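Only one structure is covered here, and it is reproduced in the block below.
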Amino acid sequence: MPRERKTGAQGRSRPRAATSASSGPVSTRTLCPRPALPNEPGVSLNAYGFRKVNAAMSDIVTRFAPSPTGYLHIGGARTALFNWLFARGRGGRFLLRIEDTDRDRSTPEATTAILKGLTWLGLDWDGEVVSQFDRRERHAEVAREMLARGHAYKCFSTQDEIEAFREAARAGGRSTLFQSPWRDADPADHPDAPFVIRLKAPRAGETVIEDAVQGKVTFGNDQLDDMVCLRSDGTPTYMLAVVVDDHDMGVTHVIRGDDHLNNAARQTQVYLAMDWAVPVWAHIPLIHGPDGKKLSKRHGAVGLEEYQAMGYPAAGMRNYLTRLGWAHGDAEFFSDAQARDWFDLEGIGRAPARLDFKKLENLCGQHIAAAPDAALLPEIEAFLEASGQPALSQPQKDGLSRALYCLKDRAKTFPELLEKAHFVLGNRPFEPDEKAAQALDPVSRGILRELTPQMQNASWSRDKLEEIVASVAGAHGLGLGKIAGPLRAALAGRTISPSVFDMMLVIGREETLARLKDAAV
RNA sequence: GGCCCGUUCGUCUAUCGGUUAGGACACCAGGUUUUCAACCUGGGAAGAGGGGUUCGACUCCCCUACGGGCUGCCA
């Protein structure tokens, strides 16, 4: 019997049970002021605002719901990507919600970092960003509703009492799941004291979740305690807030990290208590470091912005991240359009995947090579800014534009591309680096001098230039390789660069001769 | 401790009971070559272990090992 795996795309009707008349609209308050659009070309302006809804819409609604406690984690970025791909590939909507109910740890800076990260990755969202904190009244209202329905109760146990209970349970080898004495208490006995509202979860039976990735997962209800929905200060807990928000926002597919798999069972109980349609769950495995351990700071880059600063193109990141933990047959290198087309929940693997920078680089190299020059230049400029490097001058931009054709096939990252672009970014006189200087020995310089008169009047074509260089080399009984080294050193001041002929074509006769002269003295 | 999830080449993965277990990255060897890169050819490389079920298991079931997650008035 094959593991049950279903996509929400097919089947599963989802009656939108509008049980509560007070099902308010989702808060439309923007979380933070729209950041001034950073100099990030390739990103559409509406990424920070409303997105035009296209005609072919489906009912599918996904969301990404990070908590703003730091940077955008690479794993979170992939989760966002999967949600985005799933919605965009099916004409659905992709929403963004910031889970900022933990006031101590949430910061506006973190929110901005998340929005910038998503924008750089090219993931645009529909509607405005929802602040979970802003919806706390609605959450409290649902808690009261559950109370009224008899699916929740007021619990007056203090945290000290609960802790004591747990300690005793641990000592006695019993389950530490807290069993509140207030579960079935007569309201007449309620003291005038602070209380939390707990879900009155079923004690017997099972809670089953149908997960599109993990299959059917069953939990014994005796493993699930009466979780707190509303804290004693009246604020909602995450468990309650996610459910209420996902329901109100009309989320149909919850695609998130599998660290939430257990939570799905508890959350299911809330959906049931409120008579709401349970969404399709899809719990995806986490990303691990190259050593197979949970990805952490010591692995190096965990924040998405670090990847931008390292010079990986966004398209390559999307491709790599999509492929990490998901497969479509043997497809490795693909476009965004193909990814949207192919992405599905069945293709998601169930085991955690490790980050492989070599493969990331390989894919990035292919994407740089495939990118139109017009798209590359702005992306390179954004990279320079993101990595804190000086911006390109207009002449540098012009030079780079002209040289891209012979640069992009040989770079896996932007720093690598820029390194090879030195011949067009720098100015005369080119100070040769150590290795280049070695190539410019006296004999070589003599040969370079011989090149000059012949190039003076030659037609500036690749064929002609090759012919000249080959003949001069031949006259000395040398192969092209012997003369290309010094030539490269003279033209670029480096030992790595594009082909010497490409460089000559890009910088032109005058500049070429000037550089040869500089080097020959 | 309890509950839940996972385990195919070094890495990402394909396979959905019958394949010489395929591809990609990486690696090694050779070729091409004006550097780097690219490219071409070839090569080594995998079903965690043990039980079942079956004519037949990488595929289904159980156990063990290992890894991960949850077990909060964090998210």
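Quick caveat: nothing in here was measured; it's all calculated off a predicted structure. Protein chains get the first letters and strands the later ones, always in sequence-line order, with residue 1 at the start of each.
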**Message:** Just so I know, are the side chains of Leu376(A) and Phe414(A) near enough to count as touching, which here means a heavy-atom distance under 4.5 Å?
**Reply:** yes
**Prompt:** When all nucleic acid strands are considered with a 4.0 Å heavy-atom cut-off, which category describes Asn263(A): base, sugar-phosphate, or nothing?
**Reply:** base
**Request:** Check whether the side chain of Arg488(A) and the base of U34(B) form a donor-acceptor pair under 3.5 Å.
**Result:** yes
**Item:** Candidate nucleotides A26(B), G23(B), A75(B), ranked by approach to the side chain of Lys359(A) - the nearest
**Value:** G23(B)
**Asked** Between Thr176(A) and U71(B), does any side-chain N or O lie under 4.0 Å from OP1 or OP2?
**Response** no
**Item:** His367(A) NE2 - C25(B) C1' separation (whole Å)
**Value:** 15 Å
**Message:** Taking any heavy-atom pair under 4.0 Å as a contact, classify Arg170(A): base, sugar-phosphate, or nothing.
**Reply:** nothing
**Asked** Counting only Watson-Crick or G-U wobble pairs whose two distances fall under 3.5 Å, which nucleotide matches U41(B)?
**Response** A29(B)
**Message:** Could you tell me how far apart Arg135(A) (CZ) and A75(B) (C1') are, to the nearest whole angstrom?
**Reply:** 17 Å
**Prompt:** Expressed as a whole number of Å, how far does the P atom of C40(B) sit from that of U59(B)?
**Reply:** 36 Å
**Prompt:** Thr69(A) near the nucleic acid: base, sugar-phosphate alone, or nothing, with a heavy-atom cut-off under 4.0 Å?
**Reply:** nothing
**Request:** State, with a plain yes or no, whether a side-chain heavy atom of Tyr238(A) is found less than 4.5 Å away from one of Ser67(A).
**Result:** no
**Message:** Please pick, from C12(B), U11(B), G6(B), the nucleotide with the shortest atom-to-atom distance to any side-chain atom of Ala353(A).
**Reply:** C12(B)
**Asked** Which nucleotide in the set A38(B), C73(B), U7(B) lies at the smallest distance from any side-chain heavy atom of Arg198(A)?
**Response** C73(B)
**Asked** NA contact type, Pro285(A), heavy-atom cut-off 4.0 Å: base, sugar-phosphate, or nothing?
**Response** nothing
**Asked** Are any side-chain N or O atoms of Gln223(A) and backbone N or O atoms of Phe219(A), one a donor and one an acceptor, separated by less than 3.5 Å?
**Response** no
**Item:** Whole-Å C1' distance, U19(B) and U7(B)
**Value:** 22 Å
**Item:** From C4(B), C73(B), C36(B), nucleotide with atom closest to Ile496(A) side chain
**Value:** C36(B)
**Request:** Kindly point out which of C12(B), A26(B), U34(B) is positioned nearest to the side chain of Asn362(A)?
**Result:** A26(B)
**Prompt:** When the ring centroid of His190(A) is compared with that of Tyr153(A), is the distance short of 6.0 Å?
**Reply:** no
**Single hit among Gln267(A), His253(A), Arg97(A) for side chain to side chain donor-acceptor pair (under 3.5 Å) with Asp246(A)** = Arg97(A)
**Item:** Inter-nucleotide C1' distance (C9(B), G44(B)), Å rounded
**Value:** 10 Å
**Item:** Whole-Å gap separating C1' (G22(B)) and CD (Glu332(A))
**Value:** 12 Å
**Request:** Sticking with atom C1', work out how far U64(B) lies from G22(B), rounded to a whole angstrom.
**Result:** 31 Å
**Item:** His328(A) and Gln338(A), any side-chain heavy atoms less than 4.5 Å apart
**Value:** no
**Prompt:** Considering only C70(B), C25(B), C73(B), which nucleotide approaches the side chain of Asp356(A) most closely?
**Reply:** C25(B)
**Message:** Please classify the nucleic acid contact of Val196(A) as base, sugar-phosphate, or nothing, using heavy-atom distances under 4.0 Å.
**Reply:** base
**Asked** If you look at every strand shown and take non-hydrogen atoms under 4.0 Å, does Arg354(A) touch a base, only sugar-phosphate, or nothing?
**Response** sugar-phosphate
**Prompt:** Do Phe64(A) and Phe82(A) come within less than 4.5 Å of each other through their side chains, counting heavy atoms only?
**Reply:** no
**Sugar-phosphate, base or nothing in reach of Gly481(A), heavy atoms under 4.0 Å** = sugar-phosphate
**Message:** I need the CZ-P distance between Arg63(A) and A75(B), as an integer number of Å.
**Reply:** 14 Å
**Message:** Taking any heavy-atom pair under 4.0 Å as a contact, classify Met227(A): base, sugar-phosphate, or nothing.
**Reply:** nothing
**Asked** What is the distance from atom CE of Met249(A) to atom CZ of Arg63(A), rounded to the nearest 0.5 Å?
**Response** 8.0 Å
**Asked** Which part of the nucleic acid does Thr413(A) contact within heavy-atom distance under 4.0 Å: base, sugar-phosphate only, or nothing?
**Response** nothing
**Request:** Just call it for Phe501(A): base, sugar-phosphate, or nothing, with non-hydrogen atoms closer than 4.0 Å on any strand.
**Result:** base
**Prompt:** Given the C1' atoms of C27(B) and C66(B), what is the spacing between them in whole Å?
**Reply:** 27 Å
**Request:** Tell whether Lys420(A) reaches the base of C36(B) with its side chain through a donor-acceptor pair below 3.5 angstrom.
**Result:** yes
**Request:** Could you give the distance separating G50(B) and C25(B) at their P atoms, to the nearest angstrom?
**Result:** 33 Å
**Request:** Grab the CG-P distance between Asp259(A) and A75(B) for me, whole Å please.
**Result:** 14 Å
**Message:** Please report the distance, rounded to the nearest Å, between CD1 in Ile209(A) and P in G69(B).
**Reply:** 18 Å
**Request:** Name the closest nucleotide to the Lys358(A) side chain, picking from A75(B), C25(B), A37(B).
**Result:** C25(B)
**Request:** Indicate yes or no: at least one non-hydrogen side-chain atom of Phe178(A) is less than 4.5 angstrom from one of Arg198(A).
**Result:** yes
**Request:** Considering only atom P, compute the distance from C62(B) to C5(B) and round it to an integer number of Å.
**Result:** 10 Å
**Complete:** Nearest-nucleotide check on RNA chain B, Asp102(A) vs Ser497(A); residue mapping nearer the 5' end is Ser497(A)
**Request:** Report the distance from atom CD1 of Ile368(A) to atom C1' of A37(B), rounded to the nearest whole Å.
**Result:** 12 Å
**Message:** Main chain of Arg203(A), side chain of Asn221(A): is a donor-acceptor contact present, judged purely on distance under 3.5 Å?
**Reply:** no
**Asked** Under 4.0 Å: is that the gap between some side-chain N or O of Arg166(A) and OP1 or OP2 of U71(B)?
**Response** no
**Request:** For nucleotides A48(B) and G6(B), find the distance between their C1' atoms and express it as a whole number of Å.
**Result:** 12 Å
**Under-3.5 Å donor-acceptor pair between Asp258(A) side chain and G69(B) base** = no
**Request:** Tell whether Arg410(A) reaches the base of U35(B) with its side chain through a donor-acceptor pair below 3.5 angstrom.
**Result:** yes
**Prompt:** Which base, if any, makes a Watson-Crick or G-U wobble pair with G67(B), both distances under 3.5 Å?
**Reply:** C5(B)
**Request:** Using a heavy-atom cut-off of under 4.0 Å over every strand shown, decide if Leu261(A) touches base, sugar-phosphate, or nothing.
**Result:** sugar-phosphate
**Prompt:** Can you check the Leu321(A) CG to A24(B) P distance for me, whole Å?
**Reply:** 22 Å
**Asked** Any side-chain N or O of Arg350(A) less than 4.0 Å from the OP1 or OP2 oxygen of G6(B)?
**Response** yes
**Fill in**
Gln214(A) has its side chain closest, among C5(B), G22(B), A75(B), to C5(B)
**Request:** Report which part of the nucleic acid Ser67(A) touches: base, sugar-phosphate, or nothing (heavy-atom distance under 4.0 Å, all strands).
**Result:** sugar-phosphate
**Message:** Once you apply a heavy-atom cut-off of 4.0 Å, does Gly325(A) come out as touching a base, just sugar-phosphate, or nothing?
**Reply:** sugar-phosphate
**Message:** Heavy-atom nearest nucleotide on RNA chain B for Leu360(A) versus Leu480(A): which residue maps closer to 5'?
**Reply:** Leu360(A)
**Asked** Between A75(B), U13(B), A37(B), which one does the side chain of Thr101(A) approach most closely?
**Response** A75(B)
**Request:** Classify the nucleic acid contact of Leu177(A) as base, sugar-phosphate or nothing, counting any heavy atom under 4.0 Å across all strands shown.
**Result:** sugar-phosphate
**Base of G2(B) paired with side chain of Gln223(A) (donor-acceptor, under 3.5 Å)** = no
